[in-house]
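Working notes for the structure below.
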2 protein chains.
Amino acid sequence: MNSVRKALVVLETVADLQPVGVSELAVHLKQPKSSVQRALETLHEAAWIRPASGERTRWELTFRASRLARKAGNHFGLREAALPVMEQLRRETGETIHLAVLDESEIVLIERLESPHAVRHVEPLGGRAPVLVTATGKAMLAQMPEADIERIYGEAVKADSQASAVSAALPLGELLVELRGIASRGYATTASWRDGVFATGAAISGPDRRPIAAISISTPAARATAEARTAHAELIVAAVSQIAEHLN
Amino acid sequence: MNSVRKALVVLETVADLQPVGVSELAVHLKQPKSSVQRALETLHEAAWIRPASGERTRWELTFRASRLARKAGNHFGLREAALPVMEQLRRETGETIHLAVLDESEIVLIERLESPHAVRHVEPLGGRAPVLVTATGKAMLAQMPEADIERIYGEAVKADSQASAVSAALPLGELLVELRGIASRGYATTASWRDGVFATGAAISGPDRRPIAAISISTPAARATAEARTAHAELIVAAVSQIAEHLN
DNA sequence: AACATCGTACCGAAATACGGCACATAAAGC
DNA sequence: GCTTTATGTGCCGTATTTCGGTACGATGTT
């Protein structure tokens, strides 16, 4: 089904370049205009794209995709199971709580409850971050089979080389040692993602012990005392097992 | 491009029924198994779906869709332009601030900054609500041409009849009057969406005066004094014009 | 006013999507 | 344990469709 593959690529390219016209797409994709336009017409009929704000010459995405997206991250009531526990965590710690899932070599932030403190860092929802430098990312990695870890590590360094992120300096060997420690402790920490932010994360695992998502507690370095760190570690380990129960 | 249309329908059905197998899909779609399976194979190669947790017999969505979704709601830096202003609004009011966009007859919550108060209502991110009973929804409607309003009204009552929501009692005529008032004031209010929650909303408009998104201030009824209401109204009108400036 | 660029329509040749059928494997029923 | 039902997968000939080169009209640019 070659046409489907092409149409999907067109769809993704429209997402990147919107609002965009036929010719521009054709050169980007190195495909004949005719084919691109046929794909556009079909996507339009299927209501995945629409003419941009009245103009009949440029195309943009509709919300068809985002309807799917919600379900993609929805691993069967994950949000519903996690939110109350996250609420309680925030009450107990007074810090910002994040819920994230894994997408290839990145984590995606899907829920957030903020610290009531004036000093805090707000991460945009739906935002992405490299898996190797985040507490949630490392916590999830630690629960995965070694083969998967190596594959994701490969993707991450490949992606980072062009995105100029932080992780490249970390050899695979050291990472595996760190992950082994995280797996036995049940939680991960990081201070290397955002400056001045210390985060404690733990993975939410399904019945097959594969990680579904992860939650984290983020705190400004100034509040990350030794006592706070140990408290956060204990609380988050309890929280993820509670969420996993609710998930069934 | 019939195959593309079919493949997209298959994709959406997988989203609804995941994790799901070939045969179940085939009966749901009233299509031959062969065709459905070919579509699944193609979607798999394109990495839009994957076998569910190791099993090779059930399919689920990947995050390919959610990558698009973020851009669908991204109307060119909307989130980046809105967040700082929303931050300021929250500081000034001490209440929960929402950012929502319109999707057919529903609004979709895409950002949220929470009230620091202990008493507050937390709406899940990505959540949807009927357009006619929310402050954000009415604020956006009020900025649209009458033809669009009528179309959306029609969709809304159709959707509500099967979703058993609140709006059906409102005749179109009354709605148009209310929207006219909202348009001239520049903000909308509601108390009829969540019990005990009073919300003030205003639309963020593009250069063509069409609504792009809307923000709202949600407060428990107990804190919604007359002074608070007028303060919120003034603040939110100022906020949306500020965001619109940042958008260019 | 001449030109470049863009979106759209047409068309013959060839690729491939189509769906019925059959087989193999796994669950369910007795 | 054996039969029966359901499910995932492979095959194949026909004909429906896609494919991309080319051409035309509209738009706006120098």
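Numbers restart at 1 for each chain; the letters A, B, ... are given by sequence-line order, proteins then strands. This structure is a prediction, so every number in the text was calculated from the model and none was measured. Every heavy atom of this structure was used, including side-chain atoms; hydrogens, water molecules and symmetry mates were not.
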Check the phosphate of dG20(D) against Ser35(A), side-chain N and O only, distance under 4.0 Å to OP1 or OP2. Yes or no?
yes
Please tell me if Lys30(B) has a side-chain N or O lying less than 4.0 Å from either OP1 or OP2 of dG19(C).
no
I want to verify a distance call: between dG20(D), dG7(C), dG8(D), whose nearest atom is closest to the Gln31(A) side chain?
dG20(D)
By nearest heavy atom, map Asn2(A) and Ser23(A) onto DNA chain C; which one lands nearer the 5' end?
Ser23(A)
Ion pair Arg112(A)/Glu123(A), N-O distance below 4.0 Å:
no
Quick one: the side chain of Lys33(A) and the base of dG20(D), do they pair up donor-acceptor inside 3.5 Å?
no
Rounded to the nearest Å, what distance is computed from the NZ atom of residue Lys6(B) to the P atom of nucleotide dT16(D)?
13 Å
Measuring from Leu132(A):CG to Ile107(A):CD1, what's the distance to the nearest 0.5 Å?
11.0 Å
Nucleotide dT7(D), atom P - distance to NE2 of His28(B) in whole Å
12 Å
Is there a donor and acceptor pair, one atom on the side chain of Arg38(A) and one on the base of dG20(D), closer than 3.5 Å?
yes
Would you mind reading off the distance between Arg58(A) atom CZ and dG28(D) atom C1', rounded to a whole angstrom?
12 Å
Over how many whole Å does the gap from Arg5(B) atom CZ to dC18(C) atom C1' extend?
15 Å
dG10(D) P sits how many Å from Leu40(B) CG, rounded?
13 Å
In Å and rounded to the nearest 0.5 Å, what is the CG to CZ distance from Leu11(B) to Arg64(A)?
10.5 Å
Send over the distance from Glu24(B) CD to dA6(D) C1', rounded to a whole Å.
12 Å
CZ on Arg210(A) to CG on Asp148(A), rounded to 0.5 Å:
7.0 Å
Check the phosphate of dG7(C) against Gln37(A), side-chain N and O only, distance under 4.0 Å to OP1 or OP2. Yes or no?
no
Separation between CD1 (Ile215(A)) and CD (Glu111(A)), nearest 0.5 Å, reads 12.0 Å
May I ask you to say what Ser34(A) touches in the nucleic acid, namely base, sugar-phosphate or nothing, with a heavy-atom cut-off under 4.0 Å?
base
